[in-house]
Amino acid sequence: MTADVAPLLMLAGVSRSYGELEALKPVDLGVAMGQCVALLGVNGSGKSTLLRIAAGRDTPTTGQVRYGGAPLHEDDLVARTEIAVAGDASSTYPDLTVREHLMLVAVAHGGGQLAPSLVDGALEECRLADHGDALPGSLSSGQRQALQLAAVLVRPRRLLILDEPEQRLDPGARQWLADLLVAQKAAGAALLLATHHLELAEAVADEVIVLDDGQVIARGAPREALGSPR
Amino acid sequence: MATQTAVVVPDTTEETLGLLRSLRRGRARAQVANVAYWLYVLALVILIYAGWLVEAVFRALKHRPAPGPLTPELLRAAPAGLCALALLVLVSVLWDARWRGPVMVAQPTADWLLDTPVRRSRLLRPRFRRAAAMSALAGAVAGLVPAVLLLGAGLGGNGSGQSVRLAGTAMLSTGLLAALGTGAAALTEAHQNGRAPRAATIAIATAAVAIAGLAAVTAAVRLPALIATVLLWSGPWGWAAQGPVALAGGSAPLWPLATGLLAAAAVGLVVTGDRAAAHVPAAALRTRARTMGHMSAAVLNLDARRVTTAYRGAVGTYRRVRFGLRVPLQRWLVLPWRDVTALIRAPSRLVWSALLSFAAIGMGALAVRSPRASLLSLAAALTFGYLAAAGLCEGARLDGDDPSRSGHLPFRYETLVFWHAIVPSLALAVLAGGPAAALAIATGRLPLLALVVVAIPVLVGGALVNSFRGELEGQMFQGFETPLGNSYGATISLWYVTGPLLAIGPMIILLHRSISSPRAGTITTTVVLSIVLAACLGAIARGRARRLRST
């Protein structure tokens, strides 16, 4: 861990098994405010399992997950107000526009009168300003991915969990994504990111954890960890 | 809005749900119009196609038949029979809770609202209440079935007022029971504790079957009245049965008290379920919303196979097993090994096939005993037999779903049809052949055993024809106009039942002929023709497989 402050999210000895299959072997992990931890690994290495546990959406077989010092559960109000999970909403309301989806999230998170300006800002930032009145069904897959990120930007967040946010984005958009995540970090958010994109991890992460077959095989500062995987 | 300090969000529930309502007002109106349209279509269909049936039922209720020779037996069996029916209502509601449940949200709501601070109680309780109301309504309609059966048997007095009273009581009891089940289902959803709900559902289903058996015994043999009394007071299922039993002329003097108890229990469980609804975990809601999304898409495409697959995925038909057969080294054993392994991994399929085989043999025995009624009994026997065979052909269906799945095997795709016939035929021979042989020996009609043996490859052949039917083609929805409307409904139905139709139809005629005149010559002809029929079905299945591979 690179930050000296107490971690906002703390996973201690967390593992996950499905019957006899050990999808994730015991992992320790901490993410502090203003810090980004990136998980790297091939498909099936346990990244998404770890993210689900970190978001409180899955119960670990062993170990503990603590958020702000207290045990974490997805259904707790604090998790719903402070933890933003991107790339999770696979479906959309077929009759609501992009702007209306974002308004719903902004209002639900207490945006109130500020909601319209928050939505406009997020649309602008996620390069969706021209598609605000479009139905999500008419968006390209990259734009749908951007909508997921915009939904995160219109709500308050202390911890941002992103599962392969670079997927379906073109190379130009990936640079934009890296800039966006760096800005989030600078604003004080804690970031936990799973990615296949080494450049993104290098640009954003303070710590990289490389997983293989559910096990940590390398960890450390990006250059150090990415230079030494088994 | 990334913040370093704790986030405090005011309660935005009403504001958010109000916004959602106003944004979707147009859709809500369209939905109401849609429901109205379908109700109109339903009414029209009933009027055109089933009007005579409704009229016949009303006429039968008005001029009810006088008690017949079987009426006393039916009245004796009513307490246990109605208890079994009530348990079936409970099982259906609780089974539903294992994969769908009364507390359910649409997928977009799960994806966009569950991880917001919107109060879950406000989001989920109205859904539970709606489900409880719908369940009570459906239960009340289902209550008409036992009422009509009792009235049709000449029970329940003569006046039309008495008929209405019996029907009303049955509807009320079943409606309350369904509402009670929905409350219990919400509790099951909120407290998902592993295998307990599955075990409870299986236990209740087993009890229903046992009590149904008891009803059959009670009809044949006079059992002590205490047994009926114990059943009627054994729980909500018994309380629900008391009203109809009493009004049909049976002994349940305290039925108003029992109905009151049932109402109190239903209210109690609905209130408890309403509280529990707010605590259904978000993870479960997401999974169920996704399953229903997949299932709705499959239903809209009239894709029965995908509906089944989505359902099995949700209920978890396949369980991890600790044992299995060693992979064979001989090439010709590979596919039989795979089919046997599939059966071992889903033993419930084997159990169902065994039960259906027993039912088939039972109906077959009935056909032999009374040749005059044999057509109907034979149709039932062959239908049960076909369903048993179809249950054993899962390996073939998996290969039919995705031709690339067996691309790595050293067999031509269309020859898989024959390899997949081996295990179901042998399994069915054991499951149906055993009881059939016992029956043939007991009745001294050994030649008829040959008919069971030749029916097996025919039924398996029919199941294989259906296993390799592929996906429903879009052009089938076009159909053509007929005086009775567009033909696509009939075309699609026919497409689904081609296999059973080709197997069962000719077999009814062949078997009926042999049973009516069980001479050696007739039986030999039937055996030969059945073998030809099985070969034809194999060829059709092979043709379908070839077409699947080429598309």
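All chains are named by letter (A, B, ...) in the order of the sequence lines, taking the proteins before the strands, and each is independently numbered beginning at 1. Please read these numbers as outputs of a predicted model, since none were measured by experiment.
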With side-chain contact (heavy atoms from CB on, under 4.5 Å) as the criterion, how do A:Val98 and A:Leu139 come out once you've worked through the C-alpha distance, each side chain's angles and the decisive distance to 0.1 Å?
CA-CA 9 Å; A:Val98 167; A:Leu139 298 181; 3.7 Å; yes
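- Ring geometry, A:Tyr93 versus A:His101: the interplanar angle falls from 30° to 60°, so the pair is classed tilted.
- Scanning all heavy atoms of the two residues, the minimum distance from A:Leu8 to A:Ala190 falls at CD2-CB, 4.1 Å.
- For B:Thr109, the parts lying near chain A are the backbone and the side chain together; criterion is any non-hydrogen pair under 4.5 Å.
- Contacts from residues 274-282 of chain B to chain A, taken as heavy-atom pairs separated by less than 4.5 Å, involve B:Pro281, B:Ala282 in sequence order.
- Contact tally against chain A (heavy-atom pairs below 4.5 Å) for B:Gln107, B:Arg120, B:Arg290, B:Glu15: the top residue is B:Arg120.
- When the candidates A:Ala108, A:Gly110, A:Gly112, A:Ala183 are compared by the number of heavy-atom contacts under 4.5 Å with chain B, A:Ala108 comes out ahead.
- The part of B:Leu114 that comes within reach of chain A is its backbone (N, CA, C, O), which places non-hydrogen atoms under 4.5 angstrom from that chain.
- With a 4.5 Å cut-off on non-hydrogen atoms, A:Leu77 touches chain B through its side chain but not through its backbone.
- If you tally non-hydrogen atom pairs under 4.5 Å between each of A:Arg52, A:His73, A:Glu100 and chain B, the highest count goes to A:Glu100.
- Applying the side chain to side chain donor-acceptor pair (under 3.5 Å) criterion to B:Arg24, with sequence neighbours excluded, gives A:Asp95.
- Residue pairs satisfying the side-chain hydrogen bond (donor to acceptor under 3.5 Å, both in side chains) criterion with at least one member in residues 124-139 of chain A, sequence neighbours excluded, are listed as follows: A:His131-A:Gln143.
- A salt bridge is defined here as a Lys NZ or Arg NE, NH1 or NH2 lying under 4.0 Å from an Asp or Glu carboxylate O, and B:Arg98 with B:Glu189 fails to meet this definition.
- Shown here are the salt bridge (charged side-chain N to carboxylate O under 4.0 Å, His left out) partners of A:Arg80, two or more places apart in sequence or in another chain: there are none.
- Counted within 6.0 Å of CD on A:Gln64, heavy atoms from surrounding residues, nucleotides or ligands total 12 or fewer; the atom is thus considered open.
- Because its NZ or CZ atom is not both nearer than 6.0 Å to the ring centre of B:Phe128 and within 45° of the ring axis, B:Arg130 does not count as a cation-pi partner of that residue.
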